Amino acid sequence: MNENLDTLRHSTSHLMAQAVRELYPGVKVAIGPSIETGFYYDFDYEPGFTDEDLVKIEKRMEEIVKADIPIECKRMKREEAVEFFSKAGETYKVELLNDITDPEVNVYTQGSFTDLCRGPHLPSTGKIKAFKLLSLAGAYWRGDEHNKMLTRIYGTAFPDKKALKEYLDFLEEVKKRDHRRIGKDLDLFSVSDETGAGLVIYHPKGALVRYLLEDFERREHLKRGYDFVYGPHILKLDMWKKSGHFENYRENMYFTKIDEVEYGIKPMNCLSHIMVYKSQIRSYRDLPLRYFELGTVSRHEKSGVLHGLMRVREFTQDDAHIFLRPDQLHQEILGIIRFVQDVMKIFGFQFEMEISTRPAKSIGSDEDWERAEAALKEVLDSERLPYDLNEGDGAFYGPKIDIKLKDAIGRKWQCATIQCDFALPERFDLHYMDSDGKRKRPVMLHRVILGAIERFLGVLIEHYGGKFPVWLAPVQVVIMNITDEQEPYVRKIRDAMVDAGIRVEVDTRNEKLGLKIRESVVKKIPYMVIVGKVEMEQNNMTVRVRDGGELKDVATDDFINRVKEENILRR
RNA sequence: GCCGACGUAGCUCAGAGGUAGAGCAGCUCACUCGUAAUGAGCAGGUCGUGAGUUCAAUUCUCACCGUCGGCUCCA
């Protein structure tokens with residue numbers, strides 16, 4: 001981030017802390033950094049804050065800005081600072097100081113408020129021109145769920161009012177694109193408390209979009225040498241014990257018992273794919289074997305994290321497991337990255353990559369983890385693809401490359417992931433016969449391209465703002481008449497479009513054209529075909545295009561060809 | 001799971017300790033209309049669920065379920 005903006009926001013968080021300290025005696029301050037979208041400050045305040053408090057705090061902040069109080073930095077001996085903050089009752093600051101090894105620290109003072117802070121800061125509070133407090137939230141001290149929960153106040157700040165307004169407009173845009181809102185408007189899906197939290201119900205139009213995505217996926221996988229497989233939803237508990245899931249992933253799993261035998265409902269698809277591999281003796285010539293399944297998995301996600309389609313408890317992954325020889329690692333990982341590149345280009349996403357390394361809770365030897373991490377890095381390095389390192393964030397069975405999509409308005413989403421696994425082949429004693437006649441251990445790659453269909457659909461809805469491209473639009477064309485007289489003509493055009501494989505609806509209700517158009521606009525249908533007396537007489541149609549513009553005197557065949565053309569994916 | 005807010009008709013929301021209201025949607029009727037909401041009428045709710053306080057609870061209290069904003073976690 002821009003350093004000046006960073007300083008501005010950091011100073012605004014101090015400004016807020018000053019206001020809070022002045023308004024609410026007894027409040028303790030924790031930490032208050034600048035973040036990508038603004039800043040926050042965490043407070044320990046027993047009664048907690050309300051939305052009305054935000055208004056009060058904001059007002060007090062304005063006053064402090066007007067007073068233009070100088071912000072002064074002082075170097076202090078660590079022990080001196082400990083004494084100072086202990087006296088002030090700022091126990092969180094003392095805790096922070098105890099972790100600092102430097103003999104001297106920076107302490108910033110503005111009026112009545114003094115904070116431990118590395119800085120830098122603006123010279124005075126009057127330099128803050130445009131800010132707004134946005135929301136209240138709970139947040140654990142130091143981000144650890146075993147610690148006390150503090151009250152966090154989020155806000156944002158910009159160099160001027162115009163930039164602030166632009167950001168607030170952006171937040172409005174985000175709201176408008178909310179997939180839950182659009183999902184309702186376009187009648188795509190619902191989640192019902194009667195059925196259960198985090199369980200998605202697809203309505204006909206949502207189911208159609210999902211079908212189109214899945215159909216696309218199947219074709220793309222066939223093209224790239226994947227084999228389709230299917231596995232059961234429940235597998236014996238012993239399998240999950242053997243794989244390490246029971247030990248490492250139990251809190252996220254659902255279990256059931258049939259005839260006194262315990263089963264686990266799959267949270268991942270790998271085990272049945274392993275069973276397919278094991279069903280025969282494999283030769284080095286057979287590898288790589290790529291097993292693909294649109295596999296539905298169930299995971300017990302904590303209630304507080306559920307969110308529309310983005311975070312659910314049952315979802316379908318475009319999942320594949322590739323069994324390969326170690327010498328094929330580079331080529332296969334690269335193949336997957338190319339696959340992701342191809343697919344994301346079609347949807348218009350850019351993406352960034354991240355490598356995650358061994359977590360605390362994991363299986364396998366250090367040596368295997370190092371080999372796996374090296375393999376992932378080697379591919380990205382040799383392709384000169386930039387990536388961030390995310391230490392300790394891998395899956396329990398192996399390190400991974402996470403791919404974060406950037407949508408049309410710049411937000412990032414975790415979807416695709418490539419995971420390198422030496423552990424499960426070991427646990428299930430997988431092998432192949434090598435050219436030297438010796439039994440060797442294959443490597444396994446776990447990977448998804450879209451990730452979870454549910455999340456990807458949610459991301460797509462927000463990315464497109466509900467305006468699906470023609471090939472994905474559940475309804476591509478709506479035909480509307482002006483008076484009853486044109487009804488037979490509307491049906492004739494409709495039939496021709498249906499024959500051409502176009503997803504078309506008719507709106508021959510006895511309503512005004514304005515109403516019909518309004519409703520189709522809300523549903524974001526790509527094309528509105530309007531036929532009245534004139535069009536019927538001339539045997540043509542008028543087309544209103546979703547993204548603007550109007551086509552007059554269009555022959556039905558020409559229009560059908562146009563839509564057919566757009567319905568084909570080209571690369 | 002945790003912090004906070006919320007849950008009233010299909011949807012968006014108003015309301016008050018004495019057992020509910022609007023707009024849109026739905027249905028009926030009229031209107032046959034040219035580019036983002038034609039008009040009238042009708043119908044529609046165990047006020048999320050359960051317990052408690054009270055003469056009386058949808059309103060107050062508690063628990064549970066769910067939603068929203070975050071935290072932690074994640075595809």
Side-chain angles (χ1 to χ4, degrees), chain A residues 40 42 44-45 48-51 53 134-154 175 178 180-181 184-185 187 190-199 249 251-252 267-269 295 297 299-319 356 359 393 395 400 402-405 413-417 419 446-456 458-459 480-487 508-523 528 530-535 542-544 550 552:
Chain A
Y40 67 79
D42 287 345
D44 186 355
Y45 179 57
F49 298 107
T50 64
D51 289 336
D53 289 322
L134 296 172
S135 60
L136 283 165
Y140 299 108
W141 166 235
R142 298 195 140 179
D144 186 333
E145 62 180 318
H146 304 293
N147 287 342
K148 181 167 186 183
M149 182 153 278
L150 310 173
T151 306
R152 175 172 297 180
I153 302 179
Y154 281 97
K175 252 188 222 164
D178 190 317
R180 294 164 298 187
R181 176 77 258 152
K184 225 167 233 171
D185 285 347
D187 195 16
S190 62
V191 182
S192 159
D193 57 339
E194 281 182 272
T195 331
L199 304 170
Y249 206 71
E251 318 76 60
N252 280 291
M268 297 183 194
N269 300 301
V297 296
R299 298 184 185 175
H300 183 183
E301 300 293 342
K302 289 178 180 177
S303 59
V305 307
L306 303 174
H307 179 92
L309 293 177
M310 302 301 194
R311 195 75 185 273
V312 296
R313 283 183 173 155
E314 191 177 282
F315 56 98
T316 299
Q317 298 176 302
D318 60 334
D319 205 1
S356 297
D393 208 32
K400 58 181 181 174
D402 277 334
I403 289 156
K404 301 216 188 299
L405 302 186
W413 305 94
Q414 162 73 66
C415 292
T417 171
Q419 306 173 345
H446 308 239
R447 48 104 285 183
V448 289
I449 305 294
L450 306 186
I453 303 281
E454 282 73 10
R455 178 178 291 181
F456 194 77
V459 172
M480 43 189 80
N481 58 341
I482 290 175
T483 69
D484 291 350
E485 212 184 25
Q486 297 96 41
E487 251 196 85
T508 51
R509 290 174 303 164
N510 179 14
E511 294 289 353
K512 288 193 158 179
L513 184 62
L515 179 91
K516 296 183 184 186
I517 287 177
R518 184 186 148 73
E519 291 187 0
S520 294
V521 168
V522 168
K523 291 193 158 48
M528 285 175 236
I530 296 158
V531 292
K533 200 172 173 190
V534 185
E535 287 82 357
T542 299
V543 181
R544 185 174 155 138
E550 194 176 84
K552 284 201 182 319

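Residue numbers start from 1 in every chain, and the chains themselves are labelled A, B, ... in the order their sequence lines are given, proteins ahead of strands. Since the model is a prediction, treat every value here as computed from it, not as a measurement.
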(request) Compare side-chain N and O positions of A:S303 against OP1 and OP2 of B:rG1 and report whether any pair is under 4.0 Å apart. (result) yes
(message) Whether A:H300 contacts B:rG1 is assessed here as follows: a side-chain N or O lying under 4.0 Å from the phosphate OP1 or OP2. Is that the case?
(response) no
Pair partner, [N] [Watson-Crick or wobble, under 3.5 Å]:
N      : answer
B:rA37 : none
B:rC31 : none
B:rU67 : B:rA5
B:rC42 : B:rG26

(message) In the structure I gave you, are the side-chain heavy atoms of A:L405 and A:C415 within less than 4.5 Å of one another anywhere?
(response) yes
Each nucleotide N or O in nucleotides 4-14 of chain B that has a protein N or O under 3.5 Å away: list the pair and distance.
unit_1 : atom_1 : unit_2 : atom_2 : d
B:rU12 : OP1    : A:K184 : NZ     : 3.3

(request) Please identify each residue that fulfils salt bridge (charged side-chain N to carboxylate O under 4.0 Å, His left out) with A:R180, with sequence neighbours left out. (result) A:D178
N/O contacts under 3.5 Å, protein versus nucleotides 72-75 of chain B?
unit_1 : atom_1 : unit_2 : atom_2 : d
B:rU72 : O2'    : A:E145 : OE2    : 3.3
B:rC73 : O2     : A:R311 : NH1    : 2.9
B:rC73 : O2     : A:R311 : NH2    : 2.4
B:rC73 : N3     : A:R311 : NH1    : 2.9
B:rC74 : O4'    : A:R311 : NH2    : 3.4
B:rC74 : O2     : A:R311 : NH1    : 3.4
B:rC74 : O2     : A:R455 : NH2    : 2.9
B:rA75 : OP2    : A:K400 : NZ     : 3.1
B:rA75 : O3'    : A:Q414 : O      : 3.4
B:rA75 : O3'    : A:Q414 : NE2    : 3.1
B:rA75 : O3'    : A:C415 : O      : 2.9
B:rA75 : O2'    : A:C415 : O      : 3.4
B:rA75 : N6     : A:E301 : OE2    : 3.3
B:rA75 : N6     : A:R311 : NE     : 3.4
B:rA75 : N6     : A:V312 : O      : 2.9
B:rA75 : N1     : A:V312 : N      : 3.3

Quick one: which protein N/O atoms are closer than 3.5 Å to N/O atoms of nucleotides 41-47 of chain B? Pair and distance per line, please.
none

(request) For B:rU59 and B:rG15, measure between their C1' atoms and round to the nearest Å. (result) 10 Å
(request) Write down the distance separating the P atoms in B:rG23 and B:rG41, rounded off to the nearest Å. (result) 10 Å
(message) Regarding A:R180, tell me which of base, sugar-phosphate or nothing describes its non-hydrogen contacts under 4.0 Å with the strands shown.
(response) sugar-phosphate
(request) Do nucleotides 26-35 of chain B as a string where each nucleotide becomes B, S or -: B if the base has a protein heavy atom under 4.0 Å, S if just the sugar-phosphate does, - if no protein is that close. (result) -----BBBBB
(message) Among residues at least two apart in sequence or on other chains, which ones pass side chain to side chain donor-acceptor pair (under 3.5 Å) with A:T508?
(response) none
